[in-house]
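Hydrogens, waters and symmetry mates are skipped; everything else that's a heavy atom, side chains included, is used. Counting from 1, the numbers follow the sequence of the chain as shown.
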Amino acid sequence: MAAPATARPSLILPRASSHSHSQPSAGGLTSDRVTASNRRRGDFVFVVNPSGANGRTGKQWKQLLPHLRTRLADQCNICECITSGPSHAIDVTREAIKDGADAVIAVGGDGTLHEVVNGFFWKGSPVRALDRGPDHSTALGVSRLIPLGTGSDFARTFGWTNDPRDAIDRIVRGVKSKLDIGAMEGPNREPHFFVNVADIHLSAKAGYFASMYKRFGNLCYVFGALRAFWGHNNRDMRIKVNGGEWRTVHKVTALCIGNAKYFGGGMKITPTADPFSGNLEVVILQDFKWYDFLLKLHRLYGGTHLSVNGVSSIRVQSIEVAEVTDSGEIFVQSDGEHFGFLPTKFSVLPGAVDFFC
């Protein structure tokens, strides 16, 4: 995971009253905070990716902001951060947490959420507020603005509607649960985190190529899959579950590790995953040919594929995956973002983050 970039002045904290004064926060970001009473109201930081869904997220956010202020302004200080590029959401999330924010809400698709979740951690450990005491925690929220964007798979697990006002209602209600987070470790890599699904080999390679075609909406997954199938070969892999013995799994087409249920634009790949269970669901597809995907695609999207020949599922707290013969070319991704290549260890952090649900 990349180290924090130089702080950019994109975090805008509203003037709560005529008695507010400007005060520098960690990393040079500024805030218009506040009296003690306003501090107790809490700061809710909305991290907005304006380029999401080919720019539609930024436009919809501007339309939503007046409604947001109407619903929340009396309960908290609304803080807006417009990201300016890759990894910026990671940086500002860390700064917001260190500065004592009560919530960070990802506004955009799964890519924005992925960065915000990684901002909750630094060098494998949770980020903590600098001056709020050991019992303070920052909650995670999700506002799904664009129903037709290229990434809303995490929201599908909860059956949320496409109306971002429903997301605001969840935040207003303030009901929170402890959300599991997935962790990943690879050679010469700092720990990385995922909230939705991590995957290996064909699907990860398809996701890597799909990222090049996001301007085409959900068709990017089709284009990515076509490119991934070109020259694809199933591979023998070794896995170690929950620190046990290594065993070989033959002719692996794809191996998916689910904290939640969906990936790839609505494919219910890990259908029994539950992000509040303290476990990850691992689904392994073996010896699939290109025509198997065509014939069984409806079952993969519907989540009824676990009974299909060549598909297996296990629940784990951790799994290590490596090649039998190391080639260094088996793709690994998490939440649709390229991570690297095998070998990789995946594990679950039960109840790691407070989550508006």
Side-chain angles (χ1 to χ4, degrees), residues 1-4 87 89-91 93-94 97-98 104 106 110-128 137-140 142 151 153-154 157 177-201 203-204 207 237-244 246 254-263 269-270 272-284 313-322 330-355:
M1 186 162 46
S87 299
I90 298 176
D91 299 343
T93 298
R94 287 184 182 140
I97 294 171
K98 287 191 289 185
V104 177
D110 292 328
T112 304
L113 175 61
H114 178 76
E115 287 199 1
V116 167
V117 165
N118 275 273
F120 274 73
F121 301 89
W122 169 243
K123 292 187 179 295
S125 299
V127 178
R128 300 295 185 192
S137 65
T138 300
L140 171 68
V142 179
D153 282 317
F154 182 70
T157 291
S177 294
K178 294 287 187 179
L179 181 72
D180 299 342
I181 300 294
M184 306 168 62
E185 302 173 68
N188 305 314
R189 295 290 303 267
E190 289 185 6
H192 199 74
F193 302 90
F194 65 99
V195 69
N196 196 37
V197 178
D199 53 304
I200 295 167
H201 203 18
S203 56
M237 296 184 189
R238 298 184 301 133
I239 65 172
K240 180 192 288 188
V241 174
N242 297 337
W246 286 100
L255 189 152
C256 304
I257 305 100
N259 187 49
K261 300 179 187 296
Y262 294 88
F263 80 160
I269 190 65
T270 46
T272 69
D274 178 356
F276 305 108
S277 67
N279 296 290
L280 301 169
E281 182 185 15
V282 177
V283 171
I284 306 174
S313 173
I314 54 174
R315 300 191 68 81
V316 306
Q317 286 78 51
S318 70
I319 183 169
E320 297 177 55
V321 186
I330 301 299
F331 283 70
V332 180
Q333 71 170 0
S334 61
D335 297 342
E337 305 296 323
H338 180 65
F339 172 74
F341 302 90
L342 289 181
T344 305
K345 179 180 179 180
F346 306 83
S347 57
V348 64
L349 305 178
V353 174
D354 288 331
F355 178 63

Measure the spacing between [atom1] of [X] and [atom2] of [Y] and express it to the nearest 0.5 Å.
{"X": "His201", "Y": "Cys256", "atom1": "NE2", "atom2": "SG", "value": "12.0 Å"}
{"X": "Leu280", "Y": "Ser347", "atom1": "CG", "atom2": "OG", "value": "7.5 Å"}
{"X": "Lys261", "Y": "Thr272", "atom1": "NZ", "atom2": "OG1", "value": "6.5 Å"}
{"X": "Asp199", "Y": "Ile257", "atom1": "CG", "atom2": "CD1", "value": "7.0 Å"}
{"X": "Glu320", "Y": "Asn242", "atom1": "CD", "atom2": "CG", "value": "10.5 Å"}
{"X": "Thr93", "Y": "Trp122", "atom1": "OG1", "atom2": "CH2", "value": "14.0 Å"}

Worksheet item: Picking from Val197, Asp153, Ile269, what satisfies side-chain contact (heavy atoms from CB on, under 4.5 Å) with Tyr262?
Response: Asp153
Going by heavy atoms in the side chains, are [X] and [Y] under 4.5 Å from each other?
{"X": "Ile284", "Y": "Met237", "answer": "no"}
{"X": "Thr270", "Y": "Phe263", "answer": "no"}
{"X": "Asp180", "Y": "Asp274", "answer": "no"}
{"X": "Leu140", "Y": "Leu179", "answer": "yes"}
{"X": "Glu185", "Y": "Thr344", "answer": "no"}
{"X": "Val332", "Y": "Leu342", "answer": "yes"}
{"X": "Met184", "Y": "Phe346", "answer": "yes"}
{"X": "Val353", "Y": "Val117", "answer": "no"}

Non-hydrogen atoms of [X] and [Y] that approach each other most closely:
{"X": "Ala260", "Y": "Ala273", "answer": "O-CB, 3.3 Å"}
{"X": "Gly124", "Y": "Phe193", "answer": "CA-CZ, 3.8 Å"}
{"X": "Ala322", "Y": "Pro343", "answer": "CB-CB, 3.9 Å"}
{"X": "Glu115", "Y": "Ile90", "answer": "O-CG1, 3.2 Å"}
{"X": "Val195", "Y": "Ile181", "answer": "CG2-CD1, 4.1 Å"}

Worksheet entry | Lys98 and Val127: CA distance, side-chain angles, deciding distance, side-chain contact (heavy atoms from CB on, under 4.5 Å) verdict | CA-CA 7 Å; Lys98 287 191 289 185; Val127 178; 3.5 Å; yes
Practice prompt. Just do the side-chain contact (heavy atoms from CB on, under 4.5 Å) check on Val241 and Ile319 with the steps written out, would you?
Written response: CA-CA 5 Å; Val241 174; Ile319 183 169; 4.3 Å; yes
Worksheet item: So which pairs with a foot in residues 336-354 pass salt bridge (Lys or Arg N to Asp or Glu O under 4.0 Å), sequence neighbours left out?
Response: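 Sorted pair list: Lys178-Asp354.
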Worksheet item: Taking it one step at a time, do Phe121 and Leu349 satisfy side-chain contact (heavy atoms from CB on, under 4.5 Å)?
Response: CA-CA 12 Å; Phe121 301 89; Leu349 305 178; 4.0 Å; yes
Response to the item:
For Phe341, the side-chain contact (heavy atoms from CB on, under 4.5 Å) test, sequence neighbours excluded, returns Phe331, His338
Practice prompt. Let me see the working for His192 and His114 under side-chain contact (heavy atoms from CB on, under 4.5 Å), right down to the final yes or no.
Written response: CA-CA 10 Å; His192 199 74; His114 178 76; 2.9 Å; yes
Worksheet item: Backbone N or O of Phe194 within a donor-acceptor pair of the Asp335 side chain at under 3.5 Å?
Response: no
Worksheet item: Which residues pass the ring pair (Phe, Tyr, Trp, His ring centres under 6.0 Å) test with Phe120, sequence neighbours left out?
Response: none
Fill in: Check: Ser313/Glu281 side-chain N/O donor and acceptor closer than 3.5 Å
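Distance-only check passes for Ser313 and Glu281.
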